[in-house]
Amino acid sequence: MDNEEAKRSEALPQRLAPVLERLRGGVIVSFQAPDDSPLNDPHVIAAMALAAQRQGAVGVRINGPENIRATRARVSIPIIGIHKVVAPNSPVYITPTREIAERLRDCGADIIALDATRRPRPDGAAIGPLLTQLRATLGIPVMADIACAEEGIAAAEAGADLVATTLTGYTEETRGTPLPALDLVEWLVRSLPGPDQPGVVCEGGIETPAQVARCFALGAFAVVVGTAITGIEPLARRFIAAAPASSSGKTTDLSR
C-alpha cells in the first residue's frame, strides 16, 4: 500500500460512517430476480426498489450493473451492490473479483457485498487480503457475506464494515443449517472484536416480521429480507397450487 492509499484508508471510518448509520436498525430489501424471470429487467427492479423505499426500507440489495444503475436513478437510500458471476472453476459467484467490485461502485452502489467464505475464488485471490485491499481503495464500505463464525471473525479482522450471514446453508460445511441463522447472529454480535467491530447483518431465510424483531433483539445492525417481500413468482406459485385449476393441470398464459 503506497502513502496515498494509506491516507485514504485512515480516513475511511469517518467518511463511511454516514452511509452505514443510515442502515442501522432498519430493513434492507433484496431484489434478486432469476435470469429467466420477466422481473429481471432494470426498470422493474428500480420500480420495486422505489416501492420498498416508500414503505420505509433503509436500503436495497441489487444484483448486476444495469440493475444498480437504473435503481440509482430512482432511489435515494443506500444500494448494496453485488454481481453474481458463475465461474466453472469456483463455487464463489457473489462479486468474485476486485474488478467487478470496482465496476459496481462506478455504477452507483454505495456499499459492495461479496462472498467472504473460505472457498477458492475464480482468480485464486485470498479473501483476507482482498477484503483489506477493497476496504482501503474502493472508497465505499464493504460487506462480507459469510457462512460461519470463523469466516465472520476473519472478515472483521480483514476490515469488513458489515458482516452478513448471507451464505449460511450454502457452503458444504453449513449445508442444512436452519435459517435464519439466529444463533450465528447472536454469536457474532458477542464475539466480533473491539469497539470498531463491523455491523452484524442477518440475511437469509427471513420470512416473518417476528423474525425481523428477533434479529434486532439479538443485536443485529440491520436485516436483509428478500424472497418474503420480492419473491413474486414463488409466492404466486404457492397460492396457485391450492386452486382446483392447478390440480387439474390447467394454466393460463396471458402473455400472448
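Keep in mind that the numbers below use all heavy atoms, side chains included, and drop hydrogens, waters and symmetry copies. Just so you know, residue 1 is the first one in the sequence shown, and it goes up from there.
Two residues are said to be in side-chain contact when any heavy atoms from C-beta on lie closer than 4.5 Å; L162 and P141 fail this criterion. Within the 4.5 Å cutoff, side-chain heavy atoms of V212 are placed close to those of I206. For the pair V142 and I111, the minimum side-chain heavy-atom distance is 4.5 Å or more. Contact of the I82 side chain with the Q32 side chain is registered, since non-hydrogen atoms from C-beta on lie closer than 4.5 Å. The closest side-chain heavy-atom distance from K84 to P96 is not below 4.5 Å. Within the 4.5 Å cutoff, the side chain of R54 has heavy atoms near those of the L50 side chain. Contact check for E173 versus C148: no side-chain heavy atoms found under the 4.5 Å cut-off. In this structure the side chain of P198 reaches within 4.5 angstrom of the side chain of V163, judged on heavy atoms.
Listed by chain and residue number, T168, A181 satisfy the side chain to side chain contact (heavy atoms under 4.5 Å, CB included) test with L179 (two or more places apart in sequence, or in another chain). Remark: R214 engages no residue in a salt bridge (Lys or Arg N to Asp or Glu O under 4.0 Å) (not counting sequence neighbours). Residues that satisfy the side chain to side chain donor-acceptor pair (under 3.5 Å) test with E207, not counting sequence neighbours, are absent from this structure. Not a single side chain to side chain contact (heavy atoms under 4.5 Å, CB included) links A154 to another residue, sequence neighbours left out. Partners of E150 under the side chain to side chain donor-acceptor pair (under 3.5 Å) rule, at least two apart in sequence or in another chain, do not exist in this structure. By the side chain to side chain donor-acceptor pair (under 3.5 Å) test, T171 is found to be paired with T174, residues two or more places apart in sequence or in another chain being considered. Applying the salt bridge (Lys or Arg N to Asp or Glu O under 4.0 Å) test to R72 and every residue at least two apart in sequence or in another chain returns D110. When the side chain to side chain donor-acceptor pair (under 3.5 Å) test is applied to N63, no partner is found at least two apart in sequence or on another chain. For R237, the salt bridge (Lys or Arg N to Asp or Glu O under 4.0 Å) test picks out no residue, with sequence neighbours left out.
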Q.
With side-chain contact (heavy atoms from CB on, under 4.5 Å) as the criterion, how do F31 and V29 come out once you've worked through the C-alpha distance, each side chain's angles and the decisive distance to 0.1 Å?
A. CA-CA 7 Å; F31 298 91; V29 182; 3.6 Å; yes
Q: Check step by step if salt bridge (Lys or Arg N to Asp or Glu O under 4.0 Å) holds for E66 and R69.
A: CA-CA 5 Å; E66 294 307 315; R69 190 177 289 111; 2.7 Å; yes
Q: With side-chain contact (heavy atoms from CB on, under 4.5 Å) as the test, would you mind laying out the steps for W187 and I153 before giving the verdict?
A: CA-CA 10 Å; W187 189 91; I153 290 292; 3.8 Å; yes
(Q) Pair L114, R121 - check side-chain contact (heavy atoms from CB on, under 4.5 Å), show working. (A) CA-CA 11 Å; L114 73 161; R121 307 184 75 79; 3.8 Å; yes
(Q) For T132 and R135: C-alpha separation, side-chain torsions, deciding distance, then whether side-chain contact (heavy atoms from CB on, under 4.5 Å) applies. (A) CA-CA 5 Å; T132 301; R135 181 63 166 67; 5.7 Å; no
Q: Any chance you could lay out the salt bridge (Lys or Arg N to Asp or Glu O under 4.0 Å) test for R103 and E99, step after step, and finish with the verdict?
A: CA-CA 6 Å; R103 184 181 180 195; E99 291 74 21; over 6 Å; no
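In terms of hydrophobic clustering, with Ile, Leu, Val, Met, Phe, Trp and Tyr side chains grouped at heavy-atom distances under 4.5 Å, I94 and V85 are assigned to different clusters. Under the 4.5 Å side-chain heavy-atom criterion for grouping Ile, Leu, Val, Met, Phe, Trp and Tyr, I28 is not connected to L167 through any hydrophobic cluster. A single hydrophobic cluster is not seen to contain both Y93 and L104; linkage of ILVMFWY side chains at heavy-atom distances under 4.5 Å, directly or through other members, places them apart. V92 and I146 fall into different hydrophobic clusters, where Ile, Leu, Val, Met, Phe, Trp and Tyr side chains are chained together by heavy-atom contacts under 4.5 Å. Both L134 and I68 sit in one connected hydrophobic cluster of ILVMFWY residues. Membership requires side-chain heavy atoms under 4.5 Å apart, directly or through other members.
Not a single donor-acceptor pair under 3.5 Å links the side chain of T117 to the backbone N or O of A147. Put simply, the side chain of S90 gets close to the backbone of P120: a donor and an acceptor are under 3.5 Å apart.
Shortest non-hydrogen contact noted between A144 and A155 is CB-CB, 3.6 Å. Of all heavy-atom pairs spanning M143 and V201, the tightest one is CE-CG1, 4.1 Å. The minimum heavy-atom distance between A49 and V60, with the atom names listed, is CB-CG1, 4.1 Å. The two atoms that bring R118 and E151 nearest to each other are N-OE2, 3.1 Å, heavy atoms only. Closest non-hydrogen pair, G152 versus L192, comes out as O-CD2, 3.7 Å. Among all heavy-atom pairs drawn from C215 and L182, the shortest one is SG-CD2, 3.6 Å.
To the nearest 0.5 Å, the span separating CG on L23 from CD1 on I80 amounts to 5.5 Å. For the atom pair C107 SG and I79 CD1, the distance stands at 10.0 Å (nearest 0.5 Å). Atom CG of L131 sits about 11.5 Å away from atom CD of E157, to the nearest 0.5 Å. Put simply, CD on E102 and OG1 on T137 are 6.0 Å apart, with the number rounded to the nearest 0.5 Å. Taking OG1 of T71 as the reference point, atom CD of Q53 lies at 10.5 Å (rounded to 0.5 Å).
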Contacts table for residues 123-130: side-chain donor-acceptor under 3.5 angstrom, sequence neighbours left out:
unit_1	atom_1	unit_2	atom_2	d
D123	OD1	A125	N	3.1

Cut-off 3.5 Å, no hydrogens considered: what does the side-chain donor-acceptor table look like for residues 221-232, sequence neighbours left out?
unit_1	atom_1	unit_2	atom_2	d
T230	OG1	S30	O	3.0
T230	OG1	G226	O	3.0

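Contacts classified as salt bridge (charged side-chain N to carboxylate O under 4.0 Å, His left out) and involving residues 178-189 (residues at least two apart or in different chains) are given here: E186-R190.
N89 CG: more than 12 foreign heavy atoms inside a 6.0 Å radius. Heavy-atom contacts from other residues, nucleotides or ligands closer than 6.0 Å to OH of Y170 number 12 or fewer.
Between D145 and R61 a salt bridge is recorded (basic side-chain N to carboxylate O distance below 4.0 Å).
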